[in-house]
Amino acid sequence: MDAQQTSDGGGREFQRVADELRARMTDGPYQPGSYLPSQRDLAEEFGVSRDTVQRALRELVDEGWIESRQGSGSRVIKTQRIHSPTPKATRSRRGITLESLISEAFEQPEVTLDVYTLTSESLYWRIQQQADRIRGRSISPGRVTLRMLLPAETQSLPYPRVKDDKGDPRLRERLHDITERHTESLRESLGALKTEGWVPSVDVEIRRAPLTPAFKLYLFNGAEALHGPYEVIERKIELEPGEEITALDVLGLGATLTHHVKDDEPNSSGSVFVESMQKWFDSVWNLLSE
């Protein structure tokens, strides 16, 4: 532990810590107005140095998730906003969350998730939660199918980029690293459920589309959808310890999403939206297989 805590600050551990804290603020225990655990407690929980925790917290401050004041700790000021006009949204005090929708999808005998996104970081932690539930025997789906559309690796994306230097490749390389890390973790997490005998059938397929994602889309079992546009923002990003740049980036976690439900009325707004987005996803998916 001591060796790790003195040597991890320059690596990618800070990103792992930041990812987990984002997930907890999005639809976990850290809600707006609450305070994160102390830096000492976070360092102990994640097995990293306080320098690594501080670097993760600086990134969250830059993204607008938290505000930190010396002597007062880090207070959460942003969460994932999901607008849902359906009665389902009133089931709990916190309403609809990405976590609750994925949890309900995994409670079905057959799970189908279709996702179109810039990166897969929003999805990984929720899938890992479901894997833990399956191993804990609280749910037992017989089949899990995940199809995910991501930008082609050769696609020239307008974001993220360094604000004053379009040719600087470092943010594109950072995006690639984040995407590869989470997609590989997704494959391993779901694949292990099959090899360990927890889920009889698991199919994970990721295709790269020559498109710039202007919106994020989740489709749950062909019956529900979360959809929302990416919002371009200007923010500070620390690429390396002590090196901070101004970036044009997009909100992923933290962006406002709208929840749509397919119901018994085929002409209802929810049914029309879910069916139209499912047709769009299937058409792009099939096109990429040709």
Side-chain angles (χ1 to χ4, degrees), residues 23 26-28 79-117 120 122-127 129-131 133-134 137-150 186 190 193 198-207 209 211 213-230 252-289:
T26 301
D27 48 23
T79 189
Q80 183 82 65
R81 299 178 298 279
I82 294 180
H83 171 69
S84 180
T86 70
K88 184 178 182 179
T90 63
R91 288 184 185 177
S92 67
R93 178 177 60 83
R94 287 171 50 201
I96 293 292
T97 66
L98 179 57
E99 178 184 14
S100 69
L101 290 171
I102 291 179
S103 292
E104 290 186 10
F106 268 78
E107 290 164 5
Q108 303 302 312
E110 294 193 4
V111 183
T112 301
L113 293 178
D114 292 335
V115 181
Y116 174 59
T117 183
S120 55
S122 302
L123 188 62
Y124 168 68
W125 295 108
R126 281 80 185 176
I127 295 295
Q129 289 171 338
Q130 303 314 308
R133 294 178 71 201
I134 291 171
R137 302 181 187 276
S138 62
I139 56 175
S140 56
R143 179 179 179 85
V144 175
T145 301
L146 169 63
R147 300 190 301 175
M148 185 157 55
L149 289 172
L150 295 171
L186 271 171
L190 288 172
L193 293 175
W198 293 104
V199 180
S201 178
V202 174
D203 184 19
V204 179
E205 189 170 357
I206 298 167
R207 295 182 181 177
L211 303 170
F215 59 88
K216 175 178 289 192
L217 174 68
Y218 298 91
L219 293 162
F220 307 92
N221 293 335
E224 298 183 62
L226 277 182
H227 172 270
Y230 282 108
L253 284 169
T256 300
L257 302 176
T258 302
H259 176 227
H260 305 266
V261 178
K262 184 178 179 180
D263 54 32
D264 294 333
E265 175 52 58
N267 294 321
S268 69
S269 60
S271 294
V272 171
F273 185 87
V274 173
E275 289 185 359
S276 64
M277 295 311 296
Q278 187 68 65
K279 288 179 180 178
W280 175 86
F281 186 96
D282 289 342
S283 67
V284 176
W285 187 264
N286 293 332
L287 179 65
L288 294 172
S289 67

Quick one, M148 and L186 - any side-chain contact, counting heavy atoms below 4.5 Å? yes

Test item: L98 and L257 side chains (from C-beta on) under 4.5 Å apart, heavy atoms: no

A side-chain contact here means heavy atoms from C-beta on lying under 4.5 Å apart; do V261 and F220 qualify? no

Please identify each residue that fulfils side-chain contact (heavy atoms from CB on, under 4.5 Å) with A223, with sequence neighbours left out. none

About how many Å separate CD1 of I134 and CG of L190, when rounded to the nearest 0.5 Å? 8.0 Å

Quick one: side-chain contact (heavy atoms from CB on, under 4.5 Å) partners of Q108, sequence neighbours excluded? N221

Worked verdict on L211 versus L149 for side-chain contact (heavy atoms from CB on, under 4.5 Å): CA-CA 10 Å; L211 303 170; L149 289 172; over 6 Å; no

So E110 and S201, side-chain contact (heavy atoms from CB on, under 4.5 Å) or not? Walk me through it. CA-CA 9 Å; E110 294 193 4; S201 178; over 6 Å; no

Quick one: closest heavy-atom pair of L219 and A225, and the distance? CD2-CB, 3.7 Å

Where does the angle between the aromatic ring planes of H227 and H260 fall among parallel (under 30°), tilted (30 to 60°) and perpendicular (over 60°)? perpendicular

Between P200 and P141, what is the shortest heavy-atom contact and its length? CD-O, 3.9 Å

So salt bridge (Lys or Arg N to Asp or Glu O under 4.0 Å) across residues 256-267, not counting sequence neighbours, yields K262-E275

Shortest non-hydrogen contact between A209 and V284, atoms and distance: CB-CG1, 4.4 Å

Measure the shortest side-chain to side-chain distance between R143 and P109 over non-hydrogen atoms and say whether it is less than 4.5 angstrom. no

For a quick test of reading the model, state the closest non-hydrogen atom pair linking Y116 to F215 and the distance between them. CD2-CE1, 3.5 Å

Nearest 0.5 angstrom please: I206 CD1 to L146 CG, how far? 6.5 Å

Please find the pair of heavy atoms, one from F281 and one from V115, that lie closest to each other, and give the distance. CE1-O, 3.5 Å

Only one of L101, L123, L113 forms a side chain to side chain contact (heavy atoms under 4.5 Å, CB included) with Y218, so which one is it? L123

What heavy-atom pair brings V274 and G222 nearest, and what distance separates the two atoms? CG1-O, 3.7 Å

Kindly say whether R133 contributes a backbone atom to a donor-acceptor pair with the side chain of S138 at under 3.5 angstrom? yes

With rounding to the nearest 0.5 angstrom, report the CD to CZ distance, Q278 to F273. 11.5 Å

Please report the C-alpha distance between V144 and D203 in whole Å, then the side-chain angles of each, then the deciding distance to 0.1 Å, and finally whether the side-chain contact (heavy atoms from CB on, under 4.5 Å) criterion is met. CA-CA 6 Å; V144 175; D203 184 19; over 6 Å; no

Looking at side-chain heavy atoms only, is the closest gap between D282 and R147 below 4.5 Å? yes

Under 3.5 Å, is there a donor-acceptor pair between the side chain of S268 and the main chain of S271? yes

